[in-house]
Amino acid sequence: MALTGTTNEEKIWNYLKAQGMTDAGTAGLMGNLYAESGLRPNNLQNSYEGKLGMADAEYTELVDKGSYTNFVRDSAGYGLCQWTYWSRKEALLAYAKAAGKSIGDLEMQLGFLMKELSSGYKAVLTVLKTATTVRAASDAVLLQFERPADQSETAKARRAGFGQKYFAKYAAKEGQSVSFVPRMTRPEAGNKYYITKAAGGYSDAVKGSPTDTACNVLSNCVGYAYGRFNEIIGEGACKHLRPVNAENFIQYKGALEVGQEPRLGACMVWQKGATLKGTDGAGHVAIVEKIISKTEIVTSESGWKASKPFWTQTRKKGSGNWGQGSGYKFLGFIYNPAPCCKGGVATTGGDTAGDTTQNKPTPVSGLKVGDTVDFTGTTHYASSNSTSAVACKPGRAKVTAISAGAKHPYHLVRVSGGKSTVYGWVNTADIVGTSSVADVAVYTVAAGDSLWGIAQKRLGNGNRYKEIMTLNGLTSTTIHPGQKLRLPS
């Protein structure tokens, strides 16, 4: 495809976006490319210029002419990705010759990059096409694709920082849609936004009670909301708000805006008792994940001493307290500064109010009757074009009918053990995961477990680990003690 843009970075951004990568995925990849080459496709590794007696332009010219014949075996990093290993350089050279392009041609190198990702690095490409944070995408590229000698936390943060600049520059451009992806399931094991700095994470919140082994700031409304608010922003750090008592969050909002109308990604704050001193209660905080209308929303949250570390719930404004109950006073929404959360009130289903053109989760496509899916909604309908919604709970469900072109095109029925209460027609945007097999059990990962071992022990065939990965949406074989895995039949 022809490149569009006036600078290398603009051309690269447009090209990668056209390949189906998310804004965060594109930015994370570009941050790594910048760290490797400064986004210059003819970049010869600096330390080899002296060894070879050539700089970028001369090296490129001699390779193109065939005068320099050791391109494949000279171990010098070259190009956008600083391709170094002989087999990858050999493939790059063959790709350039087949395309009739210079070895330093930007369009050719981007094409080769996609060829590598789509063949030998499929797991990385999956991350880039689904990533909701720059850091997650950047780490995947660093650790699984580029694999430089320095893979330290400092290197990770540095590359993610480069990516965040591209995200801020291009993802937030006027007129460009930036998707908000709601969190409807507990934080995955090892997610650094929910782990204390002392344990290698980003959070300076206190440990939860009871402490979750995989995300140690849970159970705790402060630890959860603080991490989730920053996870949405995706800066690879917890820079916004402070992990004080919940009711004091607004006092530590910094330059963030506060209001009384819900927005996606906003932090809701309640005061407990008559003062803000904590002696009569610490208050509560939650994060807005979906907006059904100006007076009805879906939140994600946690709670100190709660029986479970994470839950979602539908809240209605009512008399103004948003369903928190007596003894609590609603103080306001702290609006999230992430580009995906801007643009006023955005609805995700039910009654419409405000901007409905952005901030929606990416729906699943290609569903068929019989598929078992992850339903994340909180309402279903009696008919495919009904305007009257009925409350229900999210969870696993089965597609039993499809009405193409209807307002609510999929009819779902809850499945045993799936926790959902859905039995009716639902919106496409409320289905964000699918599997052709129904999960029949949940397995808690133990120390020393591997996916292959779990598949061998529980499913009778180690090679079925791929089915576990697909069912749980895993992009790598890395698992952690305490992690919950659904097992296929």
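Below, each value reflects all heavy atoms present in this structure, side chains not excepted, and no hydrogens, waters or symmetry copies.
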Student: Enumerate, atom names and distances included, each donor-acceptor pair closer than 3.5 Å involving a side-chain atom of residues 327-335, sequence neighbours excluded.
Tutor:
unit_1 : atom_1 : unit_2 : atom_2 : d
Tyr335 : OH     : Glu261 : N      : 3.3
Tyr335 : OH     : Glu261 : O      : 2.6

Student: Can you name the residues that form a side chain to side chain contact (heavy atoms under 4.5 Å, CB included) with Ala136, not counting sequence neighbours?
Tutor: Thr133

Student: I'd like to check the salt bridge (Lys or Arg N to Asp or Glu O under 4.0 Å) partners of Asp449; sequence neighbours left out, ordered by chain and number.
Tutor: none

Student: Applying side-chain hydrogen bond (donor to acceptor under 3.5 Å, both in side chains), can you list everything that pairs with Lys239, at least two apart in sequence or on another chain?
Tutor: none

Student: So does Val134 get a backbone contact from the side chain of Ser138, meaning a donor-acceptor N/O pair under 3.5 Å?
Tutor: no

Student: Could you pull out all residues at least two apart from Ala274 that satisfy side chain to side chain contact (heavy atoms under 4.5 Å, CB included)?
Tutor: Asp280

Student: Do side-chain atoms of Asn248 reach the backbone of Leu276 as a donor and acceptor pair under 3.5 angstrom?
Tutor: yes

Student: Check side-chain hydrogen bond (donor to acceptor under 3.5 Å, both in side chains) between Thr400 and all other residues, then give those that pass, not counting sequence neighbours.
Tutor: His411

Student: Check whether any side-chain heavy atom of Val127 sits under 4.5 Å from a side-chain heavy atom of Leu125, and report yes or no.
Tutor: no

Student: Please identify each residue that fulfils side-chain hydrogen bond (donor to acceptor under 3.5 Å, both in side chains) with Thr211, with sequence neighbours left out.
Tutor: none

Student: Should Glu257 and Arg263 count as an ion pair when the cut-off is N to O under 4.0 Å?
Tutor: yes

Student: Quick one: side chain to side chain contact (heavy atoms under 4.5 Å, CB included) partners of Ala246, sequence neighbours excluded?
Tutor: Cys221, Val222, Val285

Student: Run the side-chain hydrogen bond (donor to acceptor under 3.5 Å, both in side chains) test against Tyr202 and tell me which residues pass, sequence neighbours left out.
Tutor: Arg135

Student: Among all residues two or more places apart in sequence or in another chain, which pass the salt bridge (Lys or Arg N to Asp or Glu O under 4.0 Å) test with Arg147?
Tutor: none

Student: Asp204: what forms a salt bridge (Lys or Arg N to Asp or Glu O under 4.0 Å) with it, not counting sequence neighbours?
Tutor: Arg242

Student: NE2/His284 to CH2/Trp270 distance, rounded to the nearest 0.5 angstrom?
Tutor: 5.5 Å

Student: Arg228: what forms a salt bridge (Lys or Arg N to Asp or Glu O under 4.0 Å) with it, not counting sequence neighbours?
Tutor: Glu231, Glu289

